[in-house]
Structure formats: C-alpha cells, structure tokens
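Input: a single structure, listed below in structure tokens.
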Number of protein chains: 2
Amino acid sequence: MTMTRPVFPTPDHDHGRCAADAIAHAEQVCRNRAQKLTPIRRAVLEALLSSHRPLGAYEVIDQLAAERARPAPITVYRALEFLMANGLVHRIESRNAYLACAHHHDAASMVAFLICERCGSVGEIVAGPATQSLNDAARRTGFAPKLSVVEITGTCAHCQA
Amino acid sequence: MTMTRPVFPTPDHDHGRCAADAIAHAEQVCRNRAQKLTPIRRAVLEALLSSHRPLGAYEVIDQLAAERARPAPITVYRALEFLMANGLVHRIESRNAYLACAHHHDAASMVAFLICERCGSVGEIVAGPATQSLNDAARRTGFAPKLSVVEITGTCAHCQA
DNA sequence: GCTTTTATGCTGCAATGCAACAAAAATATT
DNA sequence: AATATTTTTGTTGCATTGCAGCATAAAAGC
Ligand SMILES: [Zn+2]
Ligand SMILES: [Zn+2]
Ligand SMILES: [Zn+2]
Ligand SMILES: [Zn+2]
C-alpha cells in the first residue's frame, strides 16, 4: 500500500482522529504479522503520537513517567526498535529522534521527511517520483541503493504565513 | 562552482593525489575567506582524508594521537565545526561520522551521499537533477526547503563484482 | 505440568557531544 | 613597543544518546 500523497500535518487537523487511526493501524499490523503490541510498546507509540514532532528517546521516557513507573532507557529503546521494525515509527537521523508514522505504508518504502524548523512538525512524502529519481541517479553510478535517509529541513507552509 | 559529475571513489584511484588536491583546495578556500587552517584543523582534515570512509570524532582523535599529543574531544569537535562551516567536511548523520569532501563545491550546495555498506566508502552526488527534483517536490507541498540530508546506503559498483 | 520462547526489569557502562572558564596566540590599536 | 582586542587552544567536567549482560516474568508450545 504505497500512497503518493505528500502530507504535512496542518495545525487544524483532527489529531485525535489521526492518532486513533494510527493506533488502530498498529493493532492491525501486529495482528497480521503475529506480533504483540504490548502495553509498553503501545504506550511508546502513543507518546510519539501525541504530536507530529519527533521525540528523543529520553523525551519519551519523560512522557511515560507521567503516567506509570519511569521506564529504564533500554525498555524504551527496545520498544522503539520493535515499532521501527514493524514500520510504525521512523527514526529522524538528523535529530536523533523518533516519529510515529501517520501513514500506512510498509516498512521498506522510501520516505522523505520534511522537518519544519519553526514548529518542529514533520511531514512525510512517501514513495514519490522524486525519491524514486534519486535512487535512479544512484543506480546510474553503478551503486545499488538499499535504504535511504532523506530529511529536508525548512519552513512549513503554515509557518511561512 | 557546482559540479554535476557523480563520483564514487574507485579502489584504484590515485588517492595520494586525491588527498593532496583536497588539502590544496582547503588552503585556497581559507585564503579566500580569510580563515586560518591551523595545524590542528589541518591535522583533522588530513585524518579524514586518509580514506573515503567517514570517521567518528573519536576515531579522528585516535588517529591524531598516533602523531601528536592526544587531543581532547572538544578540540576535535571544534576543528570539525570549522571545517564543516567552510564546506571542507561533511557530517554523515546516519553514522554520526565525518567525511572529508573530495569535491570542490561550495558549502551550501545540495549533496547526496552514497554509502557502501561493504567497503564503507562514501561517494557524493553534487547538485544533480535528482536532488533538485526532491526540493521541488517539497516546495510543491508549500514547504520551503533550506537544508537537506540525503544519505543512501547500499552496495557500490566495485563491491558488487 | 514442564519446556521453550519472548518480553521486561535491572545494573552498569560505552559513545557522542558540548558548556564554561582559563591560558595562549594572533591581530589590531595607540 | 606596549596595550587592548579577537581568535584559538587547553582543561575540567558533564549532558545526552544508546546499548550490553544477565536476571526475572510472562506467554506459547508440548
Ligand atoms: Zn495528526
Ligand atoms: Zn511513515
Ligand atoms: Zn581518494
Ligand atoms: Zn562535498
């Protein structure tokens, strides 16, 4: 399921719906793949879904600490690893931070992230022709691309106004 | 000066020449911009130029320690910051590592990195149409791109053979 | 029930990166 | 030249990110 629509979250969207959808999708994915969305994993995902801003691992810990016993770092890292392996969370390399995926694309598809430096929100462009042509350019040099990190920092449409 | 030629370093190229060129270029750049290529800064650049593999900051420290008094981490980080500000070194975000630029492009130009997971070498595609179309795709969503991180992991032409 | 697998907890630590202040060196000014 | 100013380097210490190794608990398979 590769969606091509580029999405930057608008400030006025129904984020409750947005987050609920993502949780439902996560449950679906785990069912399908015979994986377990345990309480901790779900809590980490929910923490990340509280906004469209990427959170550092220790920010996630702080958020969880508000509602339950403060988890050890390794606990959160393990949950993040699980969520990433199942395509539910992305790592933003240029920020050492983690972002809940608001789309329903499979784990392997190529994604470009748009990071707004004013509001901190992150949008995704999934499997667009631009990301494709990038891979093609690499291939033309004889390089066999496998995994891409594409992170574009700038200002989102809303923050320019 | 934006070169379009995509380059992945071949295993048989004259790397001595390659590194000497880069040093000469660095001296030129610093002269032009009235910046000082001090001994430490030069030594850090030379360490990075010892290969086309990105080095972690602490790997740089280890290399320098072989020839002079072991520098403190902050010393190396400051030199790296200087070299990056002047477009002589790139940071590879997905590796927390630093790469000497083997091209002569200005600091602001858009670059895509090709990272071979077998030999560790990194090539650069400078200001190609693919990177351009990526920015365009972002702009089409109303996003104003400013700085891009494009890092493609895979296997280089030589390592496939 | 018992075994095997999977997930969590706990302790400790490695790797990356930088802040704050002091000393030294280079540049500019009188 | 002597002094003031700016730039660079040294030193100490610490914050942040991330994970290894082993023990315990829970779940799944037999
Ligand atoms: Zn939302
Ligand atoms: Zn996504
Ligand atoms: Zn070379
Ligand atoms: Zn470069």
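Residue numbers start from 1 in every chain, and the chains themselves are labelled A, B, ... in the order their sequence lines are given, proteins ahead of strands.
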Taking NZ, NE, NH1 and NH2 as the nitrogens, is one of them in Glu93(A) or Arg95(B) under 4.0 Å from a carboxylate oxygen of the other? no

What is the distance from CZ of Arg70(A) to C1' of dC10(C), rounded to the nearest Å? 16 Å

Tightest non-hydrogen contact, residues Pro71(B) and Ala65(B), listed as CD-N, 4.4 Å

How many whole angstroms separate atom CZ of Arg33(B) from atom P of dT7(D)? 15 Å

Just the rounded figure in Å: distance from P of dT6(C) to CD of Glu81(A). 14 Å

With a 4.0 Å cutoff (strictly under), does any side-chain N or O of Thr38(A) reach OP1 or OP2 of dA7(C)? no

Pair Gln28(A)-His104(A), side-chain hydrogen bond (donor to acceptor under 3.5 Å, both in side chains): steps then yes or no: CA-CA 11 Å; Gln28(A) 183 69 44; His104(A) 302 176; over 6 Å; no

Restricting to salt bridge (Lys or Arg N to Asp or Glu O under 4.0 Å), what partner residues turn up for Glu81(A), sequence neighbours left out? none

Shortest non-hydrogen contact from Cys156(A) to Cys116(A)? N-SG, 3.4 Å

May I have the distance from Ile61(A) (atom CD1) to dG9(C) (atom C1'), rounded to whole angstrom? 13 Å

Between CZ of Phe82(B) and P of dC18(C) the distance, given in whole Å, is 17 Å

For the student: nearest non-hydrogen atoms of Ala26(B) and Leu45(B), plus distance: CB-CD2, 3.6 Å

Can you give one letter per nucleotide of nucleotides 15-23 of chain D, going 5' to 3': B for a protein heavy atom under 4.0 Å from the base, S for sugar-phosphate only, - for none? --BBBB---

Give every pair of a protein N or O atom and an N or O atom of nucleotides 26-30 of chain D that lie under 3.5 Å apart, one pair per line with the distance.
none

Parallel, tilted or perpendicular for Phe8(A) and Phe143(B), by the 30°/60° rule? tilted

To the nearest angstrom, how far is Ile40(A) atom CD1 from dT6(C) atom P? 18 Å

Separation of atom CG in Leu80(A) from atom C1' in dT8(C), rounded to whole Å: 15 Å

Tell me the interatomic distance from Ile92(B), atom CD1, to dG17(C), atom C1', rounded to whole angstroms. 18 Å

Treating Ile, Leu, Val, Met, Phe, Trp and Tyr as nodes and any side-chain heavy-atom pair under 4.5 angstrom as an edge, say whether Tyr77(A) and Leu88(A) lie in one connected cluster. yes

Measuring centre to centre across the rings, with the benzene-like ring taken for any Trp, is His105(A) within less than 6.0 Å of His90(A)? yes

